[in-house]
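Atom set for the values below is all heavy atoms of this structure, side chains included, hydrogens, waters and symmetry mates excluded.
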Amino acid sequence: MTVIDPDTQAGWVPEADEVDEEEEMPLSLRLSIADTLTLGNATCGFMAVYFTTTGILIPDLTGSQEPGMARHSAATAVILMLCAAVFDLFDGLVARKLRSSPMGAELDNLSDLISFGLAPAYFVLVYGMVADDAHQRVAAVGAIVVLLAVVLRLARFSCVTMKDGMFQGMPSPFGALTVVSIVLLELPFVATLLAILGTAWLMVSRVEYPKPRGRLAGAMLSWIVLSMGLLAAWAFDAPSGQLLLQTGCALQLVMGAVIPLFATARRVNNFRDNRREARAAQLP
């Protein structure tokens, strides 16, 4: 149809290209496969908070706790955090192999904040409310420290450029799993709080951690699957389930402590090698 402008009496015919451009979805609003995995990460984090609330906190406050309910809910919440870590691992791999939308990086940070910031911090907070030897207000401070550490770490990740293959500070998924492992170990309250604060410090530190690629990604995935199995054995009260869970949690803490030592040793060795090369270059 031709439209006549009464002022110019000129005919104007809308071009097909203009109509198509208006109807076409903006590129920034298209979700890629990697973005879908990232949203799965956020969903798991939210559901971890849900199970922590409905299965641990509310029954404790109302006095309607059923035998084994808290154990099942705690295991489910942690398994969901582990699932979030799997989504976080694969969305990066898929984004490198295929593509990610222009908002992929923002989606990843927001999802990580839910799954590895809010969910473990809330887990610590609820622990402070239901544990017999815990102090609620002090535990709340520890939970806030964990949350802020993840916020600062994610913000720094977006601003600081690191050399390829390395993270600065403990990655937030690894930090979140370390925090919940500390809680599940059921150590004395003071020891639990100090270990949680130490983990939060590692997340904002300058200690370098390798990115999970290649064999390391496979090892990380295997560890996550093993951890899920240990949690399931504990939840269903399998023989030696408690011992298996504590062993797995202890190994998580050991890895959190050992990896920075290896990173520090590597930096020291690199510094020594550079000095030797500089001295050799100065010799006639």
Side-chain angles (χ1 to χ4, degrees), residues 34 37-38 41-42 45 81-82 84-97 100 102-121 124 142-182 194-221 223-224 251-275:
L37 294 173
T38 303
N41 172 6
M81 293 184 213
L82 289 167
V86 173
F87 279 119
D88 185 62
L89 175 64
F90 279 101
D91 70 359
L93 296 175
V94 171
R96 285 190 292 272
K97 293 293 183 180
S100 178
M103 59 182 177
E106 299 300 328
L107 283 176
D108 189 60
N109 277 348
L110 292 172
S111 298
D112 286 354
L113 179 59
I114 296 171
S115 298
F116 311 125
L118 175 62
V124 172
I144 292 172
V145 171
V146 171
L147 178 63
L148 294 181
V150 175
V151 170
L152 292 173
R153 197 206 174 286
L154 292 174
R156 186 178 65 182
F157 177 76
S158 300
C159 302
V160 177
T161 301
M162 288 291 295
K163 59 185 179 182
D164 188 44
M166 299 301 297
F167 284 124
Q168 188 178 73
M170 180 184 285
S172 53
F174 194 88
L177 299 180
T178 303
V179 167
V180 297
S181 295
I182 294 168
L194 291 177
I196 289 173
L197 295 178
T199 304
W201 176 81
L202 283 173
M203 283 193 279
V204 297
S205 69
R206 295 186 178 182
V207 177
E208 294 182 354
Y209 285 77
K211 291 184 178 180
R213 295 178 181 175
R215 293 182 179 179
L216 186 58
M220 179 179 176
L221 183 60
W223 174 247
I224 290 174
L251 287 175
Q252 177 73 29
L253 267 65
V254 169
M255 288 191 295
V258 168
I259 291 177
L261 295 179
F262 278 116
T264 302
R266 184 180 58 188
R267 292 181 65 180
V268 171
N269 290 333
N270 289 339
F271 177 74
R272 290 176 178 175
D273 293 340
N274 292 336
R275 288 188 62 182

Report the distance from atom [atom1] of [X] to atom [atom2] of [Y], rounding to the nearest 0.5 Å.
X: Leu177; Y: Trp223; atom1: CG; atom2: CH2; value: 10.0 Å
X: Glu208; Y: Gln168; atom1: CD; atom2: CD; value: 7.5 Å
X: Thr199; Y: Met170; atom1: OG1; atom2: CE; value: 5.5 Å
X: Leu37; Y: Asp88; atom1: CG; atom2: CG; value: 10.0 Å
X: Leu202; Y: Phe174; atom1: CG; atom2: CZ; value: 9.5 Å
X: Leu113; Y: Asp108; atom1: CG; atom2: CG; value: 11.5 Å

ask   = Under the 6.0 Å and 45° cation-pi test, does Arg153 pair with Phe167?
value =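 Satisfied, under 6.0 Å and within 45°.
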Is any side-chain heavy atom of [X] closer than 4.5 Å to a side-chain heavy atom of [Y]?
X: Met255; Y: Thr178; answer: no
X: Asn109; Y: Phe157; answer: yes
X: Phe90; Y: Leu221; answer: yes

task = Examine the side chains of Asn41 and Asp91 and answer whether a donor and an acceptor come within less than 3.5 Å of each other.
result =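 Side-chain D/A pair, Asn41 to Asp91: absent.
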Could you tell me which non-hydrogen atom of [X] sits nearest to which non-hydrogen atom of [Y], and how far apart they are?
X: Val124; Y: Ala143; value: CG1-N, 4.0 Å
X: Ser115; Y: Pro120; value: O-CD, 3.3 Å
X: Ile114; Y: Gly45; value: CG2-C, 4.0 Å
X: Tyr209; Y: Gly256; value: OH-O, 3.9 Å
X: Ala34; Y: Val94; value: N-CG1, 4.0 Å
X: Ser181; Y: Gln252; value: OG-CG, 3.4 Å

